[in-house]
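Take a look at the structure below.
Just the heavy atoms: all of them, side chains too, but no hydrogens, waters or symmetry mates, feed the values below. Bear in mind the structure is a predicted one, so any value in this text is a computation, not a measurement. Numbering of ligands and ligand atoms starts at 1, following listing order.
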Amino acid sequence: MQKIIAANWKMHKIRPQAGETAAELALALKGGTPLERLAVVFAPFTDLAVVADAVAGVKNLEVGAQNFYPEEQGAFTGEISPAMVRDAGGEWLLTGHSERRHIFDESDALVARKTAYGLEKGFKVMLCVGETLEEREAGHLRDVLDRQLRTAIEPLDATLRARLPQSFAIAYEPVWAIGTGKVAGPAEVLDAHLVTRNILTDILGVAAQDLPILYGGSVKPDNAGALINLDNVDGLLVGGASLEAKSFLQILGA
Ligand code: 13P
C-alpha cells in the first residue's frame, strides 16, 4: 500500500511562511516523491489556498484542513464547512486529533459525525485515535482504541464503507508522545498498530487490510526510518518536524 507522510502544521505559519514552505516542497517533489509516497499537508485554514496554489500539479502532494464543522452552511459562528475547504483547494480532512479531543472537548460522537460527513462530501478523511498516558498506564489502550474506532466507523453505511479504500486513513497518535519529544518505542508502536488493525478487521472484515494506519507523535528525521518500516505502520503524521521543508522532506524519504 502507498505510504502516506502527512504534515500537520497546527497553528503555525502566516501566509508568506506557508507559501514559502509549500513552494520548497513543490520544487523538491515536482520530479516525484521518494518511493512514490503520498505527502499531505494539513495547513491552517488561512493558509489553505496559498498552499494549494503552491503545490498545484505536483503529483503525490495533497492538501487538507485540520478541522471543519459537519454542516453545509448556516449559523455556526467561527466554523468552516467542507465546501469552504474544497473551495480553498483542500481534499483531505482531519478528524479526531487529540488536540481537538482534549483542548476543545470534541466528543467521540462529534468525531463520528465529522468523519461520516467528510466522507459523504467526497473528501479523504484521516481519523486520529490514541490514548493518554493515564489510560495507557491503567491498561486501557485496547479499550480506548476500540471505542474511538468503533464510534467513528461502525455507523458508516454501505455507500460510505465502499469509499474507505480510496478515502480513509487512521492515524494512531499516543497523546503522551505528541509534542513531548517522547516517541513511542518500536514495541509500543508495533503493538498499538496491531491492536488497531485487529479492531479495524473486526469492524470492516478484509477491507481493513487496505486501510493505511499512520503513526504520529514526536516523529523526527532521525526516528522516521525505523518507524516507517514497522509492521502495520503505513505512514507518519508529523507535527513539529513538518514545519520546515527540509526536515519534512527527510522524513518523506526515510
Ligand atoms: P509532534 O510531531 O509535534 O509530536 O505532533 C504530532 C501530531 O500531533 C501530529 O498530528
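Salt bridge present: E72 and K121 bring a charged side-chain N and a carboxylate O closer than 4.0 Å.
When hydrogens are left out, the protein atom nearest atom 10 (O) of ligand 1 is H97 NE2, 2.8 Å; that is the closest non-hydrogen contact. Among protein heavy atoms, atom 9 (C) of ligand 1 sits closest to E173 OE2, 2.9 Å.
Using a distance-only test at 3.5 Å, with no hydrogens or angles considered, a donor-acceptor pair links the side chain of Q66 to the main chain of K10. Using a distance-only test at 3.5 Å, with no hydrogens or angles considered, no donor-acceptor pair links the side chain of W9 to the main chain of L243.
Residue G239 places at least one N or O, backbone or side chain, under 3.5 Å from an N or O of ligand 1. The distance criterion of under 3.5 Å between nitrogen or oxygen atoms is met by K10 with respect to ligand 1. Considering backbone and side-chain atoms alike, G179 places an N or O below 3.5 Å from some N or O of ligand 1. By the 3.5 Å distance cut-off applied to N or O atoms, G240 is counted among the residues near ligand 1.
Using modelled atom types and a 3.5 Å distance limit, the side chains of H12 and Q17 yield no donor-acceptor pair. When only modelled atom types and interatomic distance are considered, T132 and E135 share a side-chain donor-acceptor pair under 3.5 Å.
Legend: side chain to side chain donor-acceptor pair (under 3.5 Å) pairs involving residues 176-186, not counting sequence neighbours, sorted by first then second residue: E131-W176.
Under the side-chain hydrogen bond (donor to acceptor under 3.5 Å, both in side chains) criterion, Q73 pairs with no residue, sequence neighbours left out.
The side chain of N8, and not its backbone, has at least one atom closer than 4.0 Å to an atom of ligand 1 (non-hydrogen atoms only; side chain from C-beta on).
Of the candidates A177, G130, S218, S242, the one placing a heavy atom closest to atom 1 (P) of ligand 1 is S218.
Relative orientation of the F76 and Y69 rings is tilted, given thresholds of 30° and 60° on the angle between their planes.
Interface of L237 with ligand 1, defined as ligand atoms under 4.0 Å from a residue heavy atom, comprises 9 (C), 10 (O). Taking a cut-off of under 4.0 Å to the non-hydrogen atoms of G217, the atoms of ligand 1 that pass are 4 (O), 6 (C). Near I178, meaning under 4.0 Å from one of its heavy atoms, ligand 1 places the atoms 4 (O), 5 (O), 6 (C), 7 (C), 8 (O).
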